[in-house]
Every structure is written in C-alpha cells, then in structure tokens.
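Dumping the structure here so I can ask a few things about it.
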Amino acid sequence: MAFSKRLVLAMIFTVFVIAKPSEAALNAHYYDRSCPAAEKIILETVQKAILHDPKVPARLLRMFFHDCFIRGCDASILLDSAKSNQAEKDGPPNISVRSFYVIDNAKTKLEKVCPRTVSCADVIAIAARDVVTLSGGPYWSVLKGRKDGRMSRANETINLPGPTFNVSQLIQSFAARGLSVKDMVTLSGGHTIGFSHCSSFEARLHNFSKFHDIDPSMNFAFAQSLKKKCPISNNRGKNAGTFLDSTTSVFDNDYYKQILSRKGVFGSDQALLGEYRTRWIVETYARDQKAFFREFATSMVKLGNFGVNETGEVRLNPRFVN
C-alpha cells in the first residue's frame with residue numbers, strides 16, 4: 001500500500017490527547033507559528049528513509065522507547081561518545097538501534113528552515129509516530145516542546161527492560177516511568193515491526209534449563225525455525241536474527257496472535273501469556289486490532305510526556321551538545 005494511502009487509513013484511528021497542566025508544558029501546536037513545516041519535513045525524511053531501508057520503522061520506534069526510558073525523552077540517545085564518556089548509543093542494548101542518520105537528515109533540513117527551533121527530542125517523537133502510521137498503524141497528535149538533554153551515559157542503559165524479564169520485572173520497570181500494566185502490554189506491541197539479533201533470545205533455544213534444552217513455553221516447531229536462523233556456530237553477524245512477528249513490515253496486532261500461539265520471540269514477550277495480570281490484555285488485542293491501535297496511541301503520548309526536560313537546549317547537531 002502506498003504511504004499516502006496508509007496515512008489516510010490510519011487517520012481513522014486518530015487519537016488526540018491534551019496534556020494536563022501537571023504533565024509539563026507540552027502541546028500539539030507548539031510549532032504552529034515558529035516552524036509550521038516541522039512535521040511535514042520530518043514525515044518526508046522518514047518516508048524517504050523507509051523506501052531505502054525497510055528496517056527503519058523498527059529502529060526509529062525502538063530509538064524512541066530507549067531514549068524515553070533512560071532520562072525521559074531528551075534525545076540523549078543521539079549523543080556520540082567522547083574520550084571521557086561512553087554514551088547511551090554505545091551501551092549494549094542500543095547497539096542494534098542504528099538509523100541515527102534519519103534524525104540527522106531531518107534535523108539538518110529543519111535547521112535550514114527554522115534555525116534553533118525544533119528540538120531533537122521532538123524530532124524523535126514525531127518520527128516514531130510517523131513510522132507507526134506509515135506502517136499501517138494508528139495516528140496520534142504528538143505533544144511537542146521537549147528540550148534536549150546534555151548528558152548521555154552508556155551505563156544507564158542497564159535500566160532498560162530486557163528480553164529475559166518476567167512480568168513482575170516488566171511491570172516494575174514500566175511503573176518507574178509512570179506507566180501502568182496495560183501501558184506495558186500495549187507498548188510491547190511495538191514489537192510488531194521489530195527485529196531482534198540472535199543474542200537476545202538464543203538462550204531460549206539451547207540448554208535452557210537442567211530439564212529442557214528449549215524453553216517449554218515456546219512452540220517447538222517455531223523454536224526449530226529459530227535455531228536454523230541462529231546456529232550456535234554462526235549467529236554473530238549484524239543480520240543474524242529474526243523479525244518479532246510474521247507480518248514484518250506492517251503495524252498490526254499479529255504480535256499478540258503470535259504470543260497466543262506460543263511464538264513470542266523474547267522470553268519477556270511470551271511471559272505476558274502466563275500471567276493473569278497481562279494475559280487478558282494480550283487476548284483482547286489479539287482479537288480487537290482497533291482496541292490495540294487506540295490504546296497504543298494513548299500509551300505513546302503518555303510515555304512521551306514522562307520526565308520531560310524543560311531546562312535543556314535545542315541541540316543544533318543531534319550528536320553533540322551546543
């Protein structure tokens with residue numbers, strides 16, 4: 001389907017969320033006067049990138065999640081490492097994020113049209129919405145007005161939720177960012193356009209426990225197919241891995257259907273089915289894609305508004321502080 005048609009279809013699921021006064025000074029019309037072309041410029045940049053690299057949607061969505069989970073959505077994930085400091089982007093969980101060039105390109109264009117106006121943090125938030133919409137998912141009005149942080153530390157990536165987390169660990173991790181159990185299960189649905197390297201799930205395929213070679217919560221035939229993609233002798237290449245659901249380039253509810261079929265790639269994905277607090281949400285989204293789209297838009301706004309940086313800067317170059 002053409003991007004323009006996807007955008008029109010996704011508008012059906014548009015969700016407008018207004019920030020409460022206590023949720024920081026963000027609003028949907030922040031750049032209406034100072035840079036009215038901002039969202040159009042970002043959208044066109046994202047569209048062009050996707051045409052050349054189908055993995056861009058997954059990478060940009062993951063970039064947004066990982067950025068917001070560390071210090072709030074402050075674009076700290078974009079900063080390059082220096083001799084005296086290893087930055088977030090070089091922390092182990094972020095090695096596979098990539099596609100930073102998309103934000104670089106959008107920011108370069110924005111600086112020509114609206115100098116020193118649009119923050120890198122807002123570019124990431126808008127781009128994350130756009131890749132979801134362009135992949136067939138929901139559209140929402142992004143709240144804007146974030147500022148960019150000046151600090152980025154690789155060791156802080158240890159606070160990101162991991163692919164081996166159980167449900168209690170996931171709930172605790174998301175709660176620390178002001179997100180509910182439902183938000184956690186909903187945002188996990190972003191894996192519908194995700195890709196994972198073998199290293200994030202291979203422990204489920206070989207010598208899983210004293211009694212099981214393969215994780216017993218995993219569909220056996222599915223596990224065998226993953227073993228072929230990730231042989232023990234050769235699974236370190238950058239493309240060694242798998243997509244996280246069967247409709248790889250489409251944002252839909254297939255991720256939840258996969259979990260019901262015991263085909264969740266991460267242990268943290270499959271764990272959602274085995275817990276009473278989360279199973280009903282998985283079952284709901286597996287049968288009702290509209291409900292998933294509606295809640296995903298709401299949860300993305302909620303995540304994007306947590307811990308907003310109001311005292312930072314508008315970075316001129318995404319990779320360096322001013």
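Every heavy atom of this structure was used, including side-chain atoms; hydrogens, water molecules and symmetry mates were not. This chain uses plain numbering: 1 for the first residue, then up along the sequence. If you're wondering where the values come from, they're calculated on a predicted model, not measured in any experiment.
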Centres of the Phe174 and Phe69 rings: under 6.0 Å?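 Yes, the ring of Phe174 comes within the 6.0 Å limit of the ring of Phe69, centre to centre.
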Would you say Tyr31 and Val314 are hydrophobically clustered, going by side-chain heavy atoms of ILVMFWY under 4.5 Å?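 Different hydrophobic clusters.
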Are Val123 and Phe320 in one and the same hydrophobic cluster, where Ile, Leu, Val, Met, Phe, Trp and Tyr link if side-chain heavy atoms are under 4.5 Å apart?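 In one cluster: no.
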Can you list the steps and then say if Asp183 with Ser180 is a side-chain hydrogen bond (donor to acceptor under 3.5 Å, both in side chains)? CA-CA 5 Å; Asp183 289 321; Ser180 67; 3.0 Å; yes
Is Lys227 salt-bridged to Asp213, cutoff N-O under 4.0 Å?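 Asp213 and Lys227: salt-bridged.
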Apply side-chain contact (heavy atoms from CB on, under 4.5 Å) to the pair His66 and Ile77, showing each step before the final yes or no. CA-CA 8 Å; His66 284 206; Ile77 195 172; 3.8 Å; yes
Return yes if some donor-acceptor pair links the side-chain N/O of His52 with the main-chain N/O of Lys48 below 3.5 Å, else return no.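 Yes.
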Contacts of type side chain to side chain donor-acceptor pair (under 3.5 Å), residue Glu313, not counting sequence neighbours: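 Partners of Glu313 by the side chain to side chain donor-acceptor pair (under 3.5 Å) criterion, ordered by chain and then number, come out as Arg150.
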Hey, quick one: are Phe306 and Leu61 part of the same hydrophobic cluster, counting side-chain heavy atoms closer than 4.5 Å, chains of contacts allowed?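 No, it is not one cluster - the side chains of Phe306 and Leu61 are not joined through contacts under 4.5 Å.
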What heavy-atom pair brings Cys73 and Phe64 nearest, and what distance separates the two atoms? SG-CE1, 4.0 Å
Under the side chain to side chain donor-acceptor pair (under 3.5 Å) rule, collect the residues that match up with Lys109, sequence neighbours excluded.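 By the side chain to side chain donor-acceptor pair (under 3.5 Å) rule, Lys109 matches Thr45.
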More than 12 foreign heavy atoms under 6.0 Å from CZ of Arg319: is that the case here? yes
Donor-acceptor pair, distance only, cut-off 3.5 Å: does the side chain of Thr248 make one with the backbone of Ser246?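 It does not hold such a pair.
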Which pair of non-hydrogen atoms, one from Ile259 and one from Gln270, has the smallest distance, and what is that distance?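 Reported closest heavy-atom pair: O-NE2, 3.0 Å.
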Give the intermediate values and the outcome of side-chain contact (heavy atoms from CB on, under 4.5 Å) for residues Tyr256 and Asp245. CA-CA 9 Å; Tyr256 298 102; Asp245 79 8; over 6 Å; no
Determine whether the aromatic ring centres of residues Phe251 and Phe296 are separated by less than 6.0 angstrom. yes
Phe266 vs Phe201 aromatic rings, parallel, tilted or perpendicular, using cut-offs 30° and 60°?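 Answer is tilted, since the angle falls between 30° and 60°.
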Would the distance check show the side chain of Asp148 and the main-chain N or O of Ala121 forming a donor-acceptor pair, the cut-off being under 3.5 Å? yes
Closest contact, heavy atoms only, Gly149 versus Val321: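 Looking at all heavy atoms of both residues, the shortest contact is O-CG1, 4.4 Å.
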First locate atom NZ of Lys257, then atom CD of Glu283, and finally report the distance between them rounded to the nearest 0.5 Å.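 Separation between the atoms: 14.0 Å.
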Do Val185 and Val282 make a side-chain contact, defined as non-hydrogen atoms from C-beta onward lying under 4.5 Å apart?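 They are in contact (side-chain heavy atoms under 4.5 Å apart), so the answer is yes.
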At what distance, to the nearest 0.5 angstrom, does CG of Asn219 lie from OG of Ser261?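 Interatomic distance, Asn219 CG to Ser261 OG, rounded to 0.5 Å: 7.5 Å.
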Going through the distances and angles, do Asn207 and His212 end up as a side-chain contact (heavy atoms from CB on, under 4.5 Å)? CA-CA 7 Å; Asn207 301 314; His212 301 281; over 6 Å; no
A side-chain contact here means heavy atoms from C-beta on lying under 4.5 Å apart; do Leu244 and Ser196 qualify? yes
Is there a side-chain hydrogen bond (donor to acceptor under 3.5 Å, both in side chains) between Thr242 and Lys229 once you walk through the steps? CA-CA 7 Å; Thr242 187; Lys229 294 180 180 180; 3.1 Å; yes
Determine whether Leu43 and Leu134 make a side-chain contact, defined as any pair of heavy atoms from C-beta on separated by less than 4.5 Å. yes
For Gly274, does its backbone N or O pair with a side-chain atom of Thr278 as donor and acceptor, under 3.5 Å?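 No; judged by distance alone, with no hydrogens or angles, the pair does not exist.
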Hey, does Asn27 have a side-chain heavy atom less than 4.5 Å from the side chain of Lys144?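 In short, these two side chains do not touch, never coming nearer than 4.5 Å.
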Can you tell me which residue among Asp74, Asp67, Asp122 is in a salt bridge (charged side-chain N to carboxylate O under 4.0 Å, His left out) with Arg146?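 The single option meeting the salt bridge (charged side-chain N to carboxylate O under 4.0 Å, His left out) with Arg146 is Asp122.
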Lys/Arg N to Asp/Glu carboxylate O, Glu275 vs Arg279, below 4.0 Å: no
Is Leu316 reachable from Ile126 through a run of I, L, V, M, F, W or Y residues, each pair having side-chain heavy atoms under 4.5 Å apart? no
Could you give the distance from SG (Cys35) to CD1 (Ile41), rounded to the nearest 0.5 Å? 5.5 Å
Drop me the distance from Met63's CE to Ser99's OG, to the nearest 0.5 angstrom. 6.5 Å
Give me the atom names and distance for the closest heavy-atom approach of Asn85 to Ser152. ND2-O, 2.7 Å
When every non-hydrogen atom of Tyr285 is compared with those of Asn253, the smallest separation belongs to O-ND2, 2.9 Å
Look only at the side chain of Ser209 and the backbone of Phe211, and say whether a donor-acceptor pair between them is shorter than 3.5 Å. yes
Which pairs of donor and acceptor atoms, one on a side chain in residues 158-167, lie under 3.5 Å apart (sequence neighbours left out)?
| from | atom 1 | to | atom 2 | distance (Å) |
| --- | --- | --- | --- | --- |
| Asn159 | ND2 | Glu156 | O | 3.3 |
| Asn166 | OD1 | Ser168 | N | 3.2 |
| Asn166 | OD1 | Gln169 | N | 2.8 |

For Arg277, does the CZ atom sit with more than 12 other heavy atoms under 6.0 Å from it, leaving out its own atoms? yes
Are Trp140 and Ser299 close enough, and set up right, to give a side-chain contact (heavy atoms from CB on, under 4.5 Å), and what steps lead you there? CA-CA 11 Å; Trp140 61 94; Ser299 293; over 6 Å; no
Checking Thr186 against Glu295 for the side-chain hydrogen bond (donor to acceptor under 3.5 Å, both in side chains) test, could you report, in this order, the C-alpha distance in whole Å, the side-chain angles of both residues, the deciding distance, and whether it holds? CA-CA 7 Å; Thr186 302; Glu295 295 299 332; 5.4 Å; no
Ion pair check, Glu44 and Lys40, cut-off under 4.0 Å: yes
Is there side-chain contact between Val97 and Lys89, with at least one heavy-atom pair below 4.5 Å? no
Side-chain heavy atoms of Arg315 within contact of Leu78, under 4.5 Å: yes
Co-membership, hydrophobic cluster, residues Phe65 and Leu143, 4.5 Å side-chain: yes
Measure the shortest side-chain to side-chain distance between Phe100 and Arg59 over non-hydrogen atoms and say whether it is less than 4.5 angstrom.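 When only atoms from C-beta onward are counted, Arg59 and Phe100 do not touch, as no gap falls below 4.5 Å.
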So which atom in Ala154 and which in Ala87 form the shortest heavy-atom distance, rounded to 0.1 Å? CB-O, 3.2 Å
Do Asp252 and Thr192 have side-chain N/O donor and acceptor atoms under 3.5 Å apart?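 Thr192 and Asp252 do have a side-chain donor-acceptor pair below 3.5 Å.
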Return the NZ to CG distance between Lys228 and Leu205, rounded to the nearest 0.5 Å.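 Here the interatomic distance stands at 13.0 Å.
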Can you tell whether the side chains of Glu111 and Arg116 come within less than 4.0 Å, N to carboxylate O?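 Result for this pair is no, no salt bridge flagged.
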With the side chain counted from C-beta on, respond yes when Arg287 and Thr284 share a heavy-atom pair under 4.5 Å apart, and no when they do not.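 Yes, at least one pair of side-chain atoms sits under 4.5 Å.
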NE2/His197 to OG/Ser200 distance, rounded to the nearest 0.5 angstrom? 8.0 Å
